[in-house]
Protein chains: 2
Amino acid sequence: MRYRKVPDETVRRLPLYLRGLRFFSEQSPDHVSSKILAEFLGINPWQVRKDLSYFGEMGTPGVGYKVKTLTNQNQRILRLDSVHNAVLVGVGNLGSAVLAYQGFRTYGIEIVVAYDSSPAKIGSKINGVEVKDISEMWQLNELDIDLGIISVPGGAAQSIADELISAGIKGILNLAPDYIRVPKKIKVISIDIAMDFARLPYYIPAS
Amino acid sequence: MRYRKVPDETVRRLPLYLRGLRFFSEQSPDHVSSKILAEFLGINPWQVRKDLSYFGEMGTPGVGYKVKTLTNQNQRILRLDSVHNAVLVGVGNLGSAVLAYQGFRTYGIEIVVAYDSSPAKIGSKINGVEVKDISEMWQLNELDIDLGIISVPGGAAQSIADELISAGIKGILNLAPDYIRVPKKIKVISIDIAMDFARLPYYIPAS
DNA sequence: GCCTGTGAATGTGTTCACAGCG
DNA sequence: CGCTGTGAACACATTCACAGGC
């Protein structure tokens with residue numbers, strides 16, 4: 001199966017494997033089997049094997065996958081082997097929470113600067129990150145930042161995205177409830193927590 | 001195509017259509033076409049038509065879909081036509097942000113109580129929602145709550161999920177980076193922002 | 001002429017079953 | 001004998017193309 005196109009769903013699961021590998025590396029073993037890893041993550045063993053096989057032969061028959069090696073390979077594939085700097089725009093409730101959240105660091109991603117339009121917030125520091133005036137976003141060009149997080153209210157995301165892109169950002173995590181139109185070169189991943197929450201009742205049998 | 005099984009991906013998009021419909025209802029028109037709606041949401045017209053057709057004939061050829069009617073139908077399908085009460089567990093950064101976030105209300109979901117283990121937080125009110133001691137979660141049984149949000153640190157989600165389920169919760173939005181094992185009757189939707197963010201560099205061409 | 005609804009065709013992802021290595 | 005890697009079978013989702021209603 002070498003050299004076949006990697007399914008997007010496989011890419012989506014790569015960070016999940018990283019999460020599992022991190023867990024097992026804190027435990028004991030040198031090796032994990034697809035079965036053990038899958039069980040921990042709540043998926044099937046053959047899915048794990050198939051996913052990993054897209055990138056070459058990663059494991060050893062009869063033994064499993066070497067935790068450390070697989071972690072490194074996985075990080076390299078996701079380009080998480082080098083540090084990525086990120087900018088966050090919109091220091092509201094969600095934006096502040098994201099700033100305070102340490103979870104990105106474990107993947108080698110660091111938020112180095114934030115922007116907001118509210119005078120009350122500009123100049124302050126949240127979790128060690130300086131909040132600057134949104135009208136100074138052009139300065140981003142000077143910095144080595146390739147990722148952006150948009151956590152502004154609905155309706156405002158498109159113009160922020162445009163600014164981020166013209167400031168050289170290559171990938172955007174969009175937390176606003178807006179569809180944003182971008183050039184093909186730019187990758188957008190959108191999360192709308194309210195939308196995900198809203199489909200939960202569908203699955204609940206009538207009370 | 002009547003009476004065929006509704007694809008999960010279609011259900012996932014229903015709240016998206018609701019988002020679009022809300023936008024257009026604030027504008028002018030009685031009707032929207034699949035083309036207009038699709039363009040606003042960043043998807044294809046035929047996807048919109050196919051999705052909606054699973055639930056019967058919703059539109060009028062030559063005219064489009066009636067905004068108000070489609071909104072009502074959509075809400076009924078998602079069971080968002082009645083109010084749902086929710087509980088949130090874990091009033092950290094993310095949990096507080098979610099409490100303060102108004103976005104759920106527009107879907108008819110209301111967080112009515114929160115729990116945390118930190119004495120500093122217990123007894124306080126965040127955005128009008130009282131924070132109670134996590135050891136009192138059994139009291140949930142008394143209330144009419146069917147949804148739960150888990151926003152505790154990684155590693156703690158499973159035990160919280162167990163408690164929520166034994167307190168009668170039917171659906172869980174899991175924001176913690178944990179896989180949680182639940183009975184078949186219970187629906188879990190998991191969001192791991194860090195994980196989604198972490199696959200962004202994969203799509204960015206080498207700098 | 002415009003727009004919906006939908007079978008058919010296509011594309012994509014998952015699951016299976018097993019050959020082959022350690 | 002356990003576990004990986006993978007073609008093949010299957011399941012699911014998207015896209016197309018167009019018949020038919022307004």
Side-chain angles (χ1 to χ4, degrees), chain A residues 1-17 20-21 24 29-71 73-74 77 179 199 202-203, chain B residues 1-17 20-21 24 29-71 73-74 77 179 199 202-203:
Chain A
M1 184 169 287
R2 279 167 170 260
Y3 302 124
R4 266 195 47 197
K5 191 183 153 293
V6 178
D8 234 45
E9 291 298 308
T10 294
V11 177
R12 181 189 306 273
R13 281 186 292 267
L14 289 180
L16 187 67
Y17 298 141
L21 289 166
F24 286 109
D30 271 2
H31 294 261
V32 271
S33 67
S34 55
K35 191 181 169 210
I36 299 287
L37 191 54
E39 193 168 3
F40 177 73
L41 298 171
I43 58 181
N44 314 79
W46 47 82
Q47 182 78 79
V48 173
R49 294 202 300 274
K50 174 73 91 179
D51 281 342
L52 297 178
S53 76
Y54 284 110
F55 305 99
E57 307 187 1
M58 303 279 215
T60 313
V63 180
Y65 300 89
K66 189 164 190 201
V67 174
K68 189 149 190 176
T69 309
L70 187 54
T71 302
Q73 300 261 338
N74 197 330
I77 293 163
Y179 164 65
R199 75 193 150 88
Y202 175 89
Y203 296 98
Chain B
M1 184 170 289
R2 278 167 171 263
Y3 302 124
R4 267 194 44 198
K5 191 184 153 293
V6 179
D8 234 45
E9 291 299 308
T10 293
V11 177
R12 181 188 305 272
R13 281 186 293 266
L14 290 180
L16 188 67
Y17 297 141
L21 289 166
F24 286 110
D30 271 3
H31 295 261
V32 270
S33 68
S34 56
K35 192 182 168 210
I36 299 287
L37 190 55
E39 193 167 2
F40 177 73
L41 298 172
I43 57 179
N44 311 81
W46 48 80
Q47 182 77 81
V48 173
R49 295 202 298 275
K50 174 72 90 179
D51 282 342
L52 297 179
S53 76
Y54 284 109
F55 305 98
E57 307 187 1
M58 301 283 213
T60 314
V63 180
Y65 299 89
K66 188 164 191 200
V67 174
K68 188 149 190 174
T69 309
L70 187 54
T71 302
Q73 301 262 336
N74 197 330
I77 293 163
Y179 163 65
R199 74 194 151 90
Y202 175 89
Y203 296 97

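Any value given below was found using the heavy atoms of this structure, including those in side chains, with hydrogens, waters and symmetry copies removed.
Across dG20(C), dT14(C), dT14(D), the shortest atom-to-atom separation from the side chain of Gln47(B) is found for dT14(D). With distances taken from any side-chain atom of Trp46(B) to the nucleotides dA17(D), dG20(C), dC16(C), the minimum falls on dA17(D). In this structure, of dT6(C), dA13(D), dG22(C), it is dG22(C) that holds the atom nearest to the side chain of Thr60(A). Minimum atom distance to the side chain of Pro61(B) is reached by dC3(C), of the listed dC3(C), dA13(D), dG13(C). Side-chain atoms of Ser53(B) lie closest to dG5(C) of the nucleotides dT14(D), dG5(C), dG13(C). Across dG5(C), dG5(D), dC22(D), the shortest atom-to-atom separation from the side chain of Arg49(B) is found for dG5(C).
Just one residue in the list Lys50(A), Gln47(A), Glu39(A), Arg49(A) forms a side-chain hydrogen bond (donor to acceptor under 3.5 Å, both in side chains) with Ser34(A), and that residue is Arg49(A).
If you measure from atom NZ of Lys50(A) to atom P of dC10(D), you get 15 Å, rounded to the nearest angstrom. In this structure, Ile36(B) atom CD1 and dC2(C) atom P are separated by 13 Å, rounded to whole Å. Between the P atom of dC3(D) and the NE2 atom of His31(A) lies a distance of 13 Å, rounded to the nearest Å. In this structure, the CG atom of Asp8(A) is 16 Å from the P atom of dA13(D), given to the nearest Å. Regarding Lys66(B), its NZ atom lies at a distance of 18 Å from the P atom of dC3(C), rounded to whole Å. Atom C1' of nucleotide dT6(D) and atom CG of Leu52(A) are separated by 13 Å, given to the nearest angstrom. Rounded to a whole Å, the CD atom of Glu9(A) is 15 Å from the P atom of dC12(D). dC3(D) atom P lies 13 Å from atom CG of Leu37(A), rounded to whole Å.
No donor-acceptor distance shorter than 3.5 angstrom exists from the side chain of Asp51(A) to the backbone of Leu14(A), with no hydrogens or angles considered.
For a distance-only test at 3.5 Å, the side chain of Lys5(A) fails to qualify as a donor-acceptor partner of the base of dG11(C).
Phosphate contact (OP1/OP2 of dC12(D), side-chain N/O of Tyr54(B), threshold under 4.0 Å): absent.
A distance of 12.0 Å separates CZ in Arg199(A) from OG1 in Thr10(B), rounded to the nearest 0.5 Å.
Thr10(A) comes within 4.0 angstrom of no nucleic acid atom, judged by non-hydrogen atoms across all strands. Residue contacts shown for Arg13(A) are limited to sugar-phosphate atoms, with no base heavy atom under 4.0 Å away.
Between Leu52(B) and Tyr65(B), some side-chain heavy-atom pair lies under the 4.5 Å cut-off. Residues Phe24(B) and Leu70(B) are not in side-chain contact: their nearest non-hydrogen atoms beyond the backbone lie 4.5 Å or more apart.
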